[in-house]
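Position 1 is the first residue of the sequence, and the numbers go up from there. All values below come from the heavy atoms of this structure, side chains included, with hydrogens, waters and symmetry mates left out. Counting convention: from 1, in listed order, for ligands and their atoms alike.
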Amino acid sequence: MVEMDRRHLLRWGAAGGGTVALAVVASLFGCGFAEIRTPRSTAGQVDFRNPLHIPPLAEPVIDEQSDDGAHRIFELTAQTGSSQIVDAGPTETWGIDGDHLGPTLRASRGDTVEIRFANALPEATSLHWHGMRLPAEADGGPHQMVEPGQTWEPSWRIDQPAATLWYHPHPHGQTEAHVHRGIAGMFILDDDEEQALDLPREYGVDDVPLILQDRSFDSRGRLVESGRRNNGMLGDTVLVNGTAEPVLDVTAARTRLRVLNGSGARSYAVGFADGRPMTMIASDGGLLPAPVELDRVTLTPGERAEILVDMEPGEEAVLRSFPQELGITRGMADTTGSRDELDLLLLRAAATLRPAPPMPERLVPLESLEEREAGTVRGFELRTNRINGRLMDMDRIDEVVTAGSTEIWEVWNSHGQPHNFHVHDVQFQVLTVGGQAPPPELAGWKDTVYLPPHEPLRLIMRFGEHTSTEVPYMYHCHLLWHEDQGMMGQFVVVDPGDEDDVDVAPRLDQPDLGSAEEHGH
Ligand code: C2O
Ligand code: CU
């Protein structure tokens with residue numbers, strides 16, 4: 001195994017610019033490097049003694065309730081704090097309106113959201129609304145930095161289906177660290193179609209957010225912010241909503257879990273230890289056309305799934321992350337923890353449970369985007385922390401997209417590391433994975449998707465109507481360390497006819513997708 005590791009590190013080092021990478025790895029982590037040994041298993045070994053923290057619902061000021069929706073004003077402050085997470089001692093954490101993580105924001109389709117975000121942290125940061133369709137100025141990416149002591153006030157109208165979205169910082173080069181310290185939260189969107197279905201929806205009771213994040217702590221309980229390997233920091237303890245060894249007291253026969261992979265590098269294959277089936281009802285961008293019964297759902301960093309689980313009175317069930325098939329070598333799997341088996345959460349059912357209604361047979365019809373509507377096809381090759389051969393440059397626009405257009409993006413991970421792909425401002429549909437139709441869990445709206453090495457994905461997306469020739473949106477790998485290292489590009493969405501007003505960087509070369517297709521088999 002050591003041999004494998006070295007070979008892959010060498011290969012990666014060579015591709016990433018000579019043996020410098022190796023030397024850096026050795027010198028940075030030579031002493032005090034808390035190496036996480038993988039594969040690890042905590043199956044059956046977690047105590048589950050802490051009640052699961054439920055992030056509070058943010059309470060907006062609501063004015064001008066009109067027929068189309070309300071005007072919701074959320075005041076949020078990012079601040080430093082201290083949290084009791086592990087026995088070793090209090091942990092210095094960051095949070096929004098609290099010590100660790102942030103409140104859950106909630107709004108309905110048609111509402112206008114106004115955020116008043118104050119940065120009381122010692123560092124400049126930003127707050128990005130992951131999965132949201134909004135003007136680029138409101139996106140909270142690296143172009144909307146908020147200095148310490150400053151505030152930022154974006155506003156937009158919610159114009160997309162009910163979904164489980166989230167928010168996190170996006171400062172260029174510092175995203176992994178800022179998320180790791182604790183800035184992240186959920187943003188739940190509601191709409192009439194979702195409300196019309198007989199689904200669990202009592203927040204924190206039978207509709208429960210689960211933010212999965214792996215962390216390591218030192219002997220005094222401090223977060224270990226080092227030990228980055230190829231894919232970024234890996235932790236040996238999985239926190240759910242910031243709680244270690246969490247237990248959820250279940251009071252309904254059916255519970256809806258809104259699961260977010262809020263980790264930087266680790267993926268999870270979420271299922272139940274006793275093998276009970278679960279029903280997936282939604283992916284990143286909203287409800288699936290019909291419920292899908294699954295044993296496991298794999299979530300790479302940034303992805304979400306809503307799942308329903310049924311329990312009998314008095315029983316217990318452990319939510320577990322199983323080893324994942326990421327299509328990578330064993331050595332690489334060990335640097336990303338994908339062979340680990342980790343217990344996440346104990347669900348403990350009460351002696352009497354609120355009965356569950358019958359499972360809906362259909363959810364919401366999915367408008368399939370048609371390939372023939374797509375005017376433009378773009379290729380994106382991800383390799384060695386670059387996209388199409390380039391590192392992120394805040395001053396470079398890589399792509400110009402026409403508002404309202406439908407496009408196909410062919411995305412290809414052409415080397416052995418795990419990567420995924422996230423696009424701001426749109427929800428896309430996956431047409432094919434390695435030339436094959438996607439599995440049912442990828443059949444709905446997505447904004448982040450895993451890219452198995454050497455298997456091109458074809459994504460179809462329709463862009464919105466918010467335009468700017470100046471302020472870009474991002475696309476990037478959502479393994480946060482890769483993103484920080486520059487695996488990111490920028491696109492603007494412009495009004496028809498304005499395409500030539502943008503100074504767009506010429507492509508270095510087009511990825512050879514013909515040969516990628518062959519690799520896929
Ligand atoms: Cu969740 Cu550009 O990120
Ligand atoms: Cu990556």
Participant: With rounding to 10 degrees, what does the angle H424:NE2 / atom 2 (Cu) of ligand 1 / H476:NE2 come to?
Facilitator: 110°

Participant: What is the number of protein N/O/S atoms located under 2.8 Å from the Cu ion (ligand 2)?
Facilitator: 3

Participant: Between R181 and E123, is the closest basic N to carboxylate O distance under 4.0 Å?
Facilitator: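 Yes.
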
Participant: Flag the pair K446 and E303 as a salt bridge only when some basic side-chain nitrogen lies within less than 4.0 angstrom of an acidic carboxylate oxygen.
Facilitator: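 Result for this pair is yes, salt bridge flagged.
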
Participant: Tally of protein N/O/S atoms under 2.8 Å from atom 1 (Cu) of ligand 1?
Facilitator: 3

Participant: Taking the side chain as everything from C-beta on, heavy atoms only, tell me whether R386 gets closer than 4.5 Å to M487.
Facilitator: no

Participant: Hey, are the side chains of H424 and H128 touching, using non-hydrogen atoms and a 4.5 Å cut-off?
Facilitator: yes

Participant: Any Lys/Arg nitrogen of R304 or E306 sitting under 4.0 Å from an Asp/Glu carboxylate oxygen of the other?
Facilitator: no

Participant: Is the positively charged end of R133 above the ring of F428, judged by distance under 6.0 angstrom from the centroid and angle within 45° of the axis?
Facilitator: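 Not satisfied by the 6.0 Å and 45° rule.
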
Participant: Mind checking whether F491 and F463 have ring centres under 6.0 Å apart?
Facilitator: yes

Participant: With a 6.0 Å cut-off on ring centres, are H478 and H482 close enough?
Facilitator: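 When the ring centroids of H478 and H482 are compared, they turn out to be at least 6.0 Å apart.
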
Participant: Aromatic ring centroids of W166 and W129 under 6.0 Å?
Facilitator: no

Participant: Would you please say whether a donor-acceptor pair under 3.5 Å links the side chains of H130 and T448?
Facilitator: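 A pair is found: one side chain offers a donor N or O, the other an acceptor, under 3.5 Å apart.
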
